[in-house]
Amino acid sequence: MSRKTVSATERLKQLPAFFRGSDLTMRFGWDSRLASQYLHAWKSRGLIEGLGGHSDVYANTLFYPHIDWSRATLMAMPTAICIGIEPLRMAGWTTQIQQRPDIAVHQRRPHYKIAPYNVFPMPAVWMREVSDGLSIPPERGMMPALRPAWALADMVKREGWGGCGLDADDLDWDNLSREEWSDLRHACAVLSVDYDLEFSQACELAENWEPDTPSP
């Protein structure tokens with residue numbers, strides 16, 4: 001009696017938007033070698049797309065063509081945080097767009113070189129320092145991000161103006177609220193950034209900046 005052939009469409013219909021290659025051994029009863037063969041075949045046909053590296057995470061593009069790579073990234077690296085220019089762009093502080101946004105991950109946890117993001121392994125002390133500056137999405141499975149003030153202070157500390165891809169005149173300082181100025185002061189204090197030195201030009205560029213903005 002011949003074995004029933006199951007199409008790729010039928011297989012992928014049983015899989016969620018994102019899955020691990022290792023999930024196939026449990027779901028379909030395959031060994032790791034057979035699972036790898038199927039993954040290679042599906043990827044070659046454009047039915048799935050890999051996150052990259054050795055993450056073992058794949059997007060089911062046949063049934064879910066609009067890929068939110070942040071969700072896939074969290075599957076592979078649960079400590080991932082969006083940092084750098086992207087949080088500033090999302091908040092309207094700058095119009096610059098990175099081809100690959102930056103994310104930070106705990107350096108002692110598994111991390112991989114992946115296509116959608118620049119991955120920066122960071123020490124535990126850094127993860128603790130920025131914990132007060134996190135913006136947690138309301139929807140489960142979405143990637144946390146540093147608030148723009150914290151992302152900026154962190155970039156300036158680690159890379160300096162220019163080196164981080166931004167100069168002071170690249171930002172729309174008039175778009176900052178009083179609370180955001182206060183958050184920037186707070187971020188600088190926690191991250192040991194000299195606010196007066198690093199942001200004096202910013203204050204001159206901002207028409208609505210108030211020199212007596214209180215520290216938190």
Side-chain angles (χ1 to χ4, degrees), residues 1-92 94-122 127 130 134-148 151 165:
M1 185 176 178
S2 61
R3 180 179 299 177
K4 181 181 177 181
T5 301
V6 181
S7 69
T9 300
E10 289 299 316
R11 298 284 192 193
L12 288 167
K13 188 184 293 184
Q14 301 176 53
L15 297 173
F18 301 106
F19 63 92
R20 293 181 175 85
S22 57
D23 294 341
L24 304 184
T25 60
M26 296 282 291
R27 185 176 292 270
F28 302 126
W30 298 338
D31 59 28
S32 58
R33 182 171 176 273
L34 184 58
S36 295
Q37 291 175 347
Y38 271 88
L39 288 169
H40 178 74
W42 292 344
K43 191 174 180 181
S44 298
R45 293 169 58 187
L47 305 179
I48 65 173
E49 191 170 340
L51 176 62
H54 297 286
S55 65
D56 195 40
V57 172
Y58 297 86
N60 185 351
T61 52
L62 178 62
F63 287 98
Y64 306 91
H66 302 292
I67 307 172
D68 182 353
W69 283 118
S70 67
R71 294 180 180 272
T73 299
L74 282 178
M75 283 184 64
M77 296 175 282
T79 63
I81 299 169
C82 184
I83 63 171
I85 294 174
E86 184 63 8
L88 277 69
R89 185 196 67 80
M90 292 189 295
T94 182
T95 57
Q96 290 203 25
I97 300 174
Q98 287 181 290
Q99 184 177 3
R100 295 199 304 166
D102 299 336
I103 63 171
V105 296
H106 197 301
Q107 67 180 13
R108 292 186 177 273
R109 306 287 175 82
H111 52 272
Y112 314 94
K113 185 177 181 180
I114 58 176
Y117 297 102
N118 299 310
V119 180
F120 292 88
M122 302 297 285
M127 302 294 285
V130 302
L134 284 181
S135 176
I136 307 296
E139 187 177 347
R140 185 177 180 182
M142 295 183 66
M143 187 183 296
L146 289 181
R147 294 196 297 274

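The shown structure was predicted, so the numbers you read here are calculated from the model rather than taken from an experiment.
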Could you go through the side-chain contact (heavy atoms from CB on, under 4.5 Å) check for E49 and I67 one step at a time? CA-CA 9 Å; E49 191 170 340; I67 307 172; 3.8 Å; yes

Just verifying a value: how many Å separate N118 CG and Q99 CD, rounded to the nearest 0.5 Å? 9.0 Å

Decide yes or no on side-chain contact (heavy atoms from CB on, under 4.5 Å) for Y112 and M77, but give the supporting numbers first. CA-CA 8 Å; Y112 314 94; M77 296 175 282; 4.0 Å; yes

Is there a side-chain contact between I48 and F19 in this structure, where contact means two heavy atoms from C-beta onward sitting under 4.5 Å apart? yes

Should I103 and M143 be marked as a side-chain contact (heavy atoms from CB on, under 4.5 Å) after you check the CA-CA gap, both sets of side-chain angles, and the distance that decides it? CA-CA 10 Å; I103 63 171; M143 187 183 296; 3.7 Å; yes

Output a table of donor-acceptor pairs, distance under 3.5 Å, between side-chain atoms of residues 21-30 and any protein atom two or more places apart or on a different chain; print 'none' if there are none.
residue: D23; atom: OD2; partner: R20; partner atom: N; Å: 2.9
residue: T25; atom: OG1; partner: S22; partner atom: O; Å: 2.7
residue: R27; atom: NH1; partner: Q14; partner atom: O; Å: 2.9

Verify, without hydrogens or angle tests, whether N60 (side chain) and F18 (backbone) share a donor-acceptor contact under 3.5 angstrom. no

Please name the pair of heavy atoms, one in R45 and one in A8, separated by the smallest distance, quoted to 0.1 Å. NH1-CB, 3.7 Å

Any donor-acceptor N/O pair, T79 side chain to H106 backbone, under 3.5 Å: yes

Does any N or O in the side chain of S36 come within less than 3.5 Å of the main-chain N or O of S32, such that one atom is a donor and the other an acceptor? yes

Heavy-atom pair of closest approach, residues A72 and L51: O-CD2, 3.8 Å

For C82 and P87, which heavy atoms make the closest approach, and how far apart are they? O-CG, 3.7 Å

Could you state the interatomic distance from CE (M142) to OG (S135), rounded to the nearest 0.5 Å? 9.5 Å

Please check if the number of heavy atoms outside R100 that lie under 6.0 Å from its CZ is greater than 12. yes

Spacing of NE2 belonging to H111 relative to OG1 belonging to T73, to within rounding of 0.5 Å: 14.0 Å

Which atoms form the tightest heavy-atom contact between L74 and G141, and what is the distance? CD1-O, 3.3 Å

Is the shortest side-chain heavy-atom distance between I97 and R89 below 4.5 Å? yes

Check whether any side-chain heavy atom of L12 lies under 4.5 Å from a side-chain heavy atom of W42, and answer yes or no. yes

Starting at CD1 of I83, measure out to CG of L134 and round the result to the nearest 0.5 Å. 11.0 Å

Could you state the interatomic distance from CD1 (I85) to CD (Q98), rounded to the nearest 0.5 Å? 4.5 Å

With D68, which residues qualify under salt bridge (charged side-chain N to carboxylate O under 4.0 Å, His left out), at least two apart? R71

Could you go through D102 and Y117, starting from their C-alpha distance and side-chain angles, then the distance that decides it, and tell me whether this counts as side-chain contact (heavy atoms from CB on, under 4.5 Å)? CA-CA 6 Å; D102 299 336; Y117 297 102; over 6 Å; no

Keeping the roles fixed (side chain from T61, backbone from L47), state whether a donor-acceptor pair exists under 3.5 Å. yes

Checking K13 now: which residues fulfil salt bridge (charged side-chain N to carboxylate O under 4.0 Å, His left out) with it, not counting sequence neighbours? E10

Quick check for you: to the nearest 0.5 Å, what is the distance between M127 atom CE and Q107 atom CD? 10.0 Å

Closest heavy-atom contact between P144 and A80? CD-O, 3.6 Å

For the residue pair W69 and G50, what are the closest heavy atoms and their distance? CH2-O, 3.8 Å

